[in-house]
Amino acid sequence: MSAFGSVFMPEMAISWFDGSQWSDAEVVSSNSLQLHPGAHVLHYSSTCFEGLKAFRHADGSVKIFRMDKNIRRLAQSSELLALPAFDEAMLESMIRDIVTRFKDEVPAPPGSMYIRPTHIGTEPAVGKAAVPSLTSCLYVLLSPVGDYFTGGDKALRLLLDDEGMRCSPHMGVVKSGGNYASALQPIMKARAECQADQVLFCPGGDVQETGAANFLLIDGNEIITKALDSSFLHGVTRDSILTLARDMGMDVQERELTVEELLERSARPGCEAALSGTAAVLTSVGTLIHKGQEYSVGNGGVGETTLRLRRALNDIQWGKAPDTHGWLTSL
Ligand SMILES: Cc1ncc(COP(=O)(O)O)c(C=O)c1O
């Protein structure tokens with residue numbers, strides 16, 4: 001099977017902002033995009049994107065999961081990057097139109113259609129290091145996907161990095177390319193030196209998130225994760241899992257979590273940890289690596305509560321449980 005996100009539908013939805021107005025959305029080939037080599041995005045990283053999914057239900061219908069939240073987050077990322085504002089209703093109809101066009105290609109569970117709206121600054125102006133791009137381009141790519149972690153249900157190994165940061169603290173809330181690029185070297189180093197799957201960034205001992213997912217500690221009936229601030233991405237999956245955990249009567253704590261508390265709780269029998277994200281869904285963490293020492297989380301395997309929460313989320317996404325929170329949009 002191809003790597004997650006490496007297969008694309010042949011067409012995408014696109015609209016251009018010329019400095020005063022957005023063009024009517026069009027459907028064009030997704031093989032290429034014409035940009036001036038001096039385009040603002042290629043030099044000053046005026047780029048942001050989203051990741052959401054459409055699911056095929058047993059009755060053949062296709063539903064998009066929490067589209068409104070993802071559109072809102074892209075609008076916020078655009079604002080924080082000083083990209084031109086776009087009409088959220090326009091993006092919604094671009095997403096609906098392109099998913100409808102490729103409705104028959106949406107894989108059945110556990111697969112889905114990954115939707116990648118992207119907004120980039122296009123103005124050809126290499127002198128605009130400290131000035132926003134006046135023009136931009138918004139497009140929506142589609143990629144049919146299976147499971148993100150090919151290891152299946154194997155629990156992940158995380159390196160706790162309490163010195164480095166994933167990105168600049170005021171940029172964590174922005175889903176922007178530069179944040180991912182800045183986390184690559186630490187992740188590559190952790191893979192090479194500790195066979196870690198991911199780095200859990202914990203600057204100054206504050207447990208934040210990994211390179212592409214949020215972190216949750218599940219200790220008995222308690223579920224603990226960092227409270228929202230500007231330093232990390234406000235995951236839609238994180239919000240969904242916490243909502244489902246509250247529905248199940250769990251004690252959800254959004255607060256600071258230190259490396260010290262994490263390691264102390266992890267040693268308790270029955271403790272679990274997990275990563276949440278659109279791609280990862282909810283994946284167990286079995287081992288934490290800190291200052292050269294390895295710590296098992298609970299029994300070091302896949303956690304039962306993690307599986308229960310993951311199933312509760314998947315059941316809604318796949319139409320096997322009622323959508324009590326109104327998270328699904330029909331085409
Ligand atoms: C850095 C980072 N944190 C968290 C997440 C989780 O966000 P979401 O659940 O909205 O996919 C992502 C994206 O998947 C991410 O890239």
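On a predicted model such as this, the values are computed, not experimentally measured, just so you know. Counting starts at 1 for both ligands and their atoms, following the listed order.
- Here the OG1 atom belonging to T329 is positioned 6.5 Å from the CD atom belonging to E92, to the nearest 0.5 angstrom.
- For atom 8 (P) of ligand 1, the nearest protein heavy atom (residue, atom name, distance) is V236 N, 3.5 Å.
- Ligand 1 lies within reach of Y180, whose nearest heavy atom is under 4.0 Å from it.
- The aromatic rings of W22 and H119 sit tilted, their planes meeting at an angle between 30° and 60°.
- Residue contacts with ligand 1, taken as heavy atom pairs separated by less than 4.0 Å, involve A213 solely via the backbone atoms N, CA, C and O.
- Below 3.5 Å of separation, one finds no N or O of R238 facing any N or O of ligand 1.
- Residue E209 places at least one N or O, backbone or side chain, under 3.5 Å from an N or O of ligand 1.
- For atom 9 (O) of ligand 1, the closest non-hydrogen atom on the protein side is T237 OG1, 2.6 Å.
- Residue-to-ligand polar distances keep H234 apart from ligand 1: every N/O pair is separated by 3.5 Å or more.
- For atom 12 (C) of ligand 1, the nearest non-hydrogen atom from the set A279, G277, A212 comes from A212.
- The protein heavy-atom contact nearest to atom 11 (O) of ligand 1 is T278 OG1, 2.6 Å.
- The side-chain hydrogen bond (donor to acceptor under 3.5 Å, both in side chains) check on E272 picks up T305, T306, with sequence neighbours excluded.
- Ligand 1 has at least one atom lying under 4.0 Å from a heavy atom of R166.
- A heavy-atom separation below 4.0 Å is found between G211 and ligand 1.
- The aromatic rings of W327 and F65 sit perpendicular to each other, their planes meeting at more than 60°, with 30° as the lower class boundary.
- Both tests pass for R166 against the ring of Y180: distance under 6.0 Å to the centre and angle within 45° of the axis.
- Note: the hydrophobic cluster containing V297 does not contain I289 (ILVMFWY, side chain heavy atoms under 4.5 Å, direct or indirect links).
- Taking 4.5 Å as the limit, every side-chain heavy atom of I224 sits out of range of all side-chain heavy atoms of V207.
- At a threshold of 4.5 Å between non-hydrogen side-chain atoms, the residues Y44 and V131 do not count as touching.
- Remark: ligand 1 and T210 share no N or O pair separated by less than 3.5 Å (distance only, no angle test).
- Of all atoms in ligand 1, listed by their number and element, those nearer than 4.0 Å to a heavy atom of S276 are 6 (C).
- Interatomic distance, I241 CD1 to L309 CG, rounded to the nearest 0.5 Å: 5.5 Å.
- A 4.5 Å side-chain heavy-atom check between K226 and E256 finds at least one atom pair inside the cut-off.
- Of all atoms in ligand 1, listed by their number and element, those nearer than 4.0 Å to a heavy atom of N214 are 4 (C), 6 (C).
- Under a 4.0 Å criterion applied to the non-hydrogen atoms of K175, ligand 1 contributes the atoms 12 (C), 13 (C), 14 (O), 15 (C), 16 (O).
- Scanning all protein heavy atoms for the shortest distance to atom 7 (O) of ligand 1 gives G235 CA, 3.3 Å.
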